[in-house]
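Worksheet: one structure, shown below.
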Amino acid sequence: LNKYLGMLSKSVVHAPNLKQMTLTLRNGHKSNLIGREVVVRHMLALRMMNPSAEVDFVRLKEKGTARVDYELWDGSKFGFDIKTQFDPDTVVAKVMMGARDPALDE
C-alpha cells in the first residue's frame, strides 16, 4: 500500500484494469466523512485512474459504513468498507492497488 500512497503523492494515478468503481456513502458513521473527503480531494484522480472506467458516487439515506466496490475489465469484483483509521489518500491508494495488483489487495 505504501508504494501506491507514494504514487498518489506524486500524482501518478493509474489503474488500467479498472472498469467500474462505486463509492457509496451512508449516514451515521464516521467513515462517511472520510468518503466525502475522498470526493472533495480526489474526485479528478478517481476519474483519471482510467478514463475508460465508470466512476459513480452514491448517497443513501440509510445508516451504515461507507463502502467502495470496483470491477476490473476481466470481470472480477472487489470491495472494501472504509475504516475510520483510513484517510482519503489510503482509500484512493487501495483502489489503485486493487485495480493494478489484485493479489496484493488486503
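- Within the 4.5 Å cutoff, side-chain heavy atoms of L72 are placed close to those of F78.
- Salt bridge status for K19 with D74: absent, with no side-chain N to carboxylate O gap under 4.0 Å.
- Of all heavy-atom pairs spanning I34 and T84, the tightest one is CD1-O, 3.5 Å.
- When side chains are defined from C-beta on, Q85 does not count as touching T90, because their heavy atoms never get closer than 4.5 Å.
- Counted by atom type alone, D56 and Q20 present one or more donor-acceptor pairs between their side chains at under 3.5 Å.
- Between L23 and V58, every side-chain heavy-atom pair lies at or beyond the 4.5 Å cut-off.
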(message) As a quick check of understanding, evaluate side chain to side chain contact (heavy atoms under 4.5 Å, CB included) for R41 and D89, giving each step before the final call.
(response) CA-CA 9 Å; R41 289 181 45 197; D89 292 352; 3.2 Å; yes
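- By the criterion of side-chain heavy atoms lying less than 4.5 angstrom apart, applied directly or through intervening Ile, Leu, Val, Met, Phe, Trp or Tyr residues, L60 is not grouped with V39; the two fall into different hydrophobic clusters.
- Without hydrogens or angle criteria, N50 side chain to S52 main chain gives a donor-acceptor distance under 3.5 Å.
- Nearest heavy atoms, S31 versus A66: OG-N, 2.9 Å.
- Between the N32 side chain and the G64 main chain, a donor and an acceptor come within less than 3.5 Å of each other.
- Minimum heavy-atom separation, F80 to V91: CZ-O, 3.9 Å.
- Between atom CE of residue M96 and atom CE of residue M21 there is a gap of 12.5 Å, rounded to the nearest 0.5 Å.
- In this structure, the separation between CG on L18 and OH on Y70 is 8.5 Å, given to the nearest 0.5 Å.
- Using a 4.5 Å heavy-atom cutoff, the side chains of T65 and R26 are not in contact.
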(message) Show, in sequence, the C-alpha distance, side-chain angles and deciding distance for R67 and L25, and conclude whether the side chain to side chain contact (heavy atoms under 4.5 Å, CB included) test is met.
(response) CA-CA 7 Å; R67 181 163 177 83; L25 302 176; over 6 Å; no
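- Side chains of W73 and P16 form no contact here, defined as non-hydrogen atoms less than 4.5 Å apart.
- Between D69 and K77 there is no side-chain heavy-atom pair separated by less than 4.5 Å.
- The shortest side-chain heavy-atom distance between I82 and V68 falls under the 4.5 Å cut-off.
- Considering CD of E54 and OG1 of T22, their distance stands at 7.0 Å, rounded to 0.5 Å.
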